[in-house]
Amino acid sequence: MTIQESTLSPTEVWEAVLGELEVQVPRPSYDTWLKHTVGLTYDDGQLVIGTPNTFVAEMLDQRMYSLISQALESVVPDKVDIRFEVASPANVVHSRTAGQDTPTTGQTPNPTVSHRSPSHQSTLPPLLAYGGINLNPKYTFDTFIIGKSNELAHAAAVAVSEHPGIIYNPLFLYSGVGLGKTHLLHAIGHHIRTTGLSVIYSTTEDFTNEYIKAIRAGKTDGFRSRYRSADALLLDDIQFIIGKEQTQEGFFHTFNSLHMAGRQIVITSDRRVTDLTLLEDRVRSRLAGGLVVDIQTPDLETRMAILRAKAEDSSCDFPQDVLEFLSRRVHKNVRELEGCLNRVAAFARLTKQPIGVPLVKSALADSPDSYNTRRISDELVLDTVSAYFSIDKATLKGRRRDKITALARHIAMYLLREEVNLPLTTIGRILGDKDHTTVLHGHRRIAAQLDVDAHLRHDVINIREALTSS
Ligand code: ADP
Ligand code: MG
């Protein structure tokens with residue numbers, strides 16, 4: 001969406017940019033660096049952004065400038081210069097969303113960071129020193145919507161929160177991106193903290209940086225005692241440890257001493273353990289030694305429930321048909337779904353139109369491909385399923401009933417319903433004139449088995465991945 005400069009206030013421009021960035025930037029970084037920023041002034045080809053403190057201003061200027069400027073280009077057509085400045089409370093009258101999101105402001109009186117200024121040395125603190133990175137107050141069990149796709153992961157997360165170190169240790173959560181791993185990990189952290197136990201939450205990136213720094217400074221003792229004093233260690237995105245041998249070593253020893261002392265360890269990954277191939281065997285076997293649970297892509301019903309909750313949380317009024325429209329369009333990733341919601345809200349505010357399906361269509365029209373979610377076609381489902389099971393499409397549509405063919409056919413029925421949202425009768429027709437009750441039976445069978453059959457779950461996840469990435 002591009003809009004004429006003259007009609008926009010700084011708040012509006014910046015909100016639209018934030019809407020873009022929210023989808024592109026990993027959530028912890030977004031929350032830390034971008035969330036509490038405001039558009040202060042916008043004129044003479046310059047946009048001034050208010051930040052809560054100098055660290056944030058420097059970070060945005062030094063590391064995120066080009067990303068921000070690209071996002072800005074997609075909002076306003078003209079060349080706009082961006083400047084970051086610490087906003088004193090007086091400046092921050094129009095915050096993004098009134099209320100709880102009002103930025104907290106720094107003490108320093110308005111130092112400005114201009115991206116061209118050469119004089120700034122980096123004084124960025126380690127990420128952990130900046131409180132926001134730690135546990136996101138919004139990621140709690142209360143705000144987590146439970147559906148078929150995540151109920152096992154949720155139940156396991158609740159169980160370790162209530163009995164840390166006792167039942168599932170370690171707990172290993174994996175899923176594709178944007179499906180709620182970090183949310184659950186933070187929820188565990190919040191819950192355990194309320195019982196007075198000490199929790200260390202760290203991204204694997206921070207863990208790595210901290211460890212390497214400790215080694216360089218010859219202060220591994222401090223590192224060790226800090227981590228080993230935790231009652232629970234929550235480590236997010238372990239896949240980033242791949243290829244970092246030194247850190248794997250540090251992790252291995254930290255893990256062992258915590259584990260032996262009966263402290264809870266929860267690890268997330270965007271890959272299953274067996275796919276973390278470059279990980280040392282001993283580390284991998286530790287990870288797989290507890291409970292391993294996955295989160296799948298949510299079905300339509302769950303997506304709608306999540307969106308409804310996020311919509312209620314926002315100050316905008318989203319009609320039911322809009323929520324349904326969005327949930328049907330975006331199915332791979334909850335973060336993206338949320339991003340769309342924010343984008344639509346920003347677009348509605350900018351254009352001063354009520355939120356309805358036509359507005360949503362134009363708000364999402366020129367967004368990256370992923371919003372428009374390459375529609376999954378029935379043909380693609382048939383191709384993917386038959387390729388996965390190495391049978392040909394004619395067999396899939398035919399009458400053969402050996403175990404593999406029947407399974408493949410049922411999965412096809414299930415996916416045609418869940419992913420393509422086709423009516424049962426249409427699915428029957430596509431699969432070689434089967435009766436709609438046969439389709440219903442096939443769909444139900446898979447849906448029921450998914451809860452109990454891990455092999456099937458993996459098959460379906462793999463096929464879904466193939467579907468959405470093709
Ligand atoms: P991941 O760590 O798996 O990449 P996140 O935990 O960061 O994903 O989730 C992405 C976004 O989606 C977050 O804003 C999170 O709150 C939201 N989200 C994901 N699953 C759910 C859910 N079941 N209920 C509510 N919000 C969810
Ligand atoms: Mg995450």
Side-chain angles (χ1 to χ4, degrees), residues 18-19 21-35 97 100-101 127 132-158 171-191 201-207 234-241 266-272 275 292-314 318 323 326-327 330-343 345 370-371 461 464-465 468:
L18 286 176
L21 292 170
E22 192 155 7
V23 199
Q24 294 172 22
V25 177
R27 175 55 66 120
S29 315
Y30 180 89
D31 287 346
T32 309
W33 308 115
L34 289 161
K35 193 170 178 177
T97 43
Q100 69 205 57
D101 272 358
L127 286 180
I133 195 73
N134 219 335
L135 293 181
N136 184 329
K138 286 190 176 162
Y139 291 175
T140 61
F141 286 124
D142 284 344
T143 57
F144 192 81
I145 306 287
I146 305 163
K148 267 184 286 176
S149 55
N150 59 33
E151 63 189 357
L152 289 180
H154 173 265
V158 170
L171 171 63
F172 184 90
L173 296 172
Y174 79 90
S175 77
V177 291
L179 293 179
K181 296 180 297 291
T182 298
H183 189 136
L184 279 181
L185 198 60
H186 286 216
I188 294 171
H190 287 303
H191 193 286
Y201 166 85
S202 177
T203 63
T204 299
E205 234 174 325
D206 290 342
F207 181 90
L234 314 177
L235 202 56
D236 210 354
D237 290 320
I238 194 78
Q239 72 274 4
F240 289 124
I241 211 173
V266 188
I267 310 270
T268 72
S269 164
D270 71 359
R271 269 157 254 186
R272 66 189 76 194
D275 289 346
V292 175
V293 220
D294 63 336
I295 305 176
Q296 300 167 49
T297 49
D299 56 19
L300 180 65
E301 201 182 325
T302 311
R303 296 199 296 274
M304 288 200 45
I306 292 173
L307 259 195
R308 202 172 301 125
K310 305 275 177 195
E312 275 165 18
D313 217 32
S314 81
F318 285 89
L323 297 181
L326 286 173
S327 316
V330 182
H331 34 79
K332 219 177 126 185
N333 176 326
V334 177
R335 181 177 303 133
E336 204 167 295
L337 202 57
E338 266 188 271
C340 287
L341 193 81
N342 294 333
R343 194 179 158 93
S370 51
Y371 291 119
I461 290 175
R464 274 198 160 120
E465 265 170 22
T468 42

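Since this is a predicted model, take the numbers as computed values, not measurements. Whatever order the structure lists them in is the order used to number ligands and atoms, beginning at 1.
Under a 4.0 Å criterion applied to the non-hydrogen atoms of Glu338, ligand 1 contributes the atoms 11 (C), 12 (O), 13 (C), 14 (O), 15 (C), 17 (C). Atoms of ligand 1 found under 4.0 Å from any heavy atom of Thr143 (numbered from 1 in listed order, with element): 24 (N), 25 (C). Every atom of ligand 1 with a heavy atom of Val177 under 4.0 Å away is listed here by number and element: 4 (O). Every atom of ligand 1 with a heavy atom of Asn150 under 4.0 Å away is listed here by number and element: 23 (N).
The Mg ion (ligand 2) has no N, O or S atom of Thr268 closer than 2.8 Å.
Looking at ligand 1, you'll find an N or O of Gly180 within less than 3.5 Å of one of its N or O atoms. Ligand 1 has no N or O atom lying under 3.5 Å from any N or O atom of Phe144, backbone or side chain.
Screening Thr182, Thr204, Asp236 for a side chain to side chain donor-acceptor pair (under 3.5 Å) with Thr268, the sole residue that qualifies is Asp236.
Taking the six-membered ring where tryptophan is involved, the planes of Tyr139 and His183 are essentially parallel, since the angle between them stays under 30° and well short of 60°.
Ring centroids of Phe141 and His154 are separated by less than 6.0 Å, placing the two rings close together.
Remark: the Lys181 side chain and the Ser175 side chain contain an N/O donor-acceptor pair separated by less than 3.5 Å.
Neither the backbone nor the side chain of Lys138 has a heavy atom within less than 4.0 Å of ligand 1. If you look at Ile306 next to ligand 1, the close heavy atoms, those under 4.0 Å, all belong to the side chain.
The salt bridge (Lys or Arg N to Asp or Glu O under 4.0 Å) analysis of residues 142-153, with sequence neighbours excluded, yields the pairs Lys148-Asp299.
Under the 4.5 Å side-chain criterion, counting only non-hydrogen atoms from C-beta, Tyr174 is not in contact with Arg271. In this structure, the side chains of Phe172 and Ile238 come closer than 4.5 Å at one or more pairs of heavy atoms.
Proximity annotation for atom 26 (N) of ligand 1: of Arg303, Lys181, Lys310, Lys310 comes nearest, heavy atoms only.
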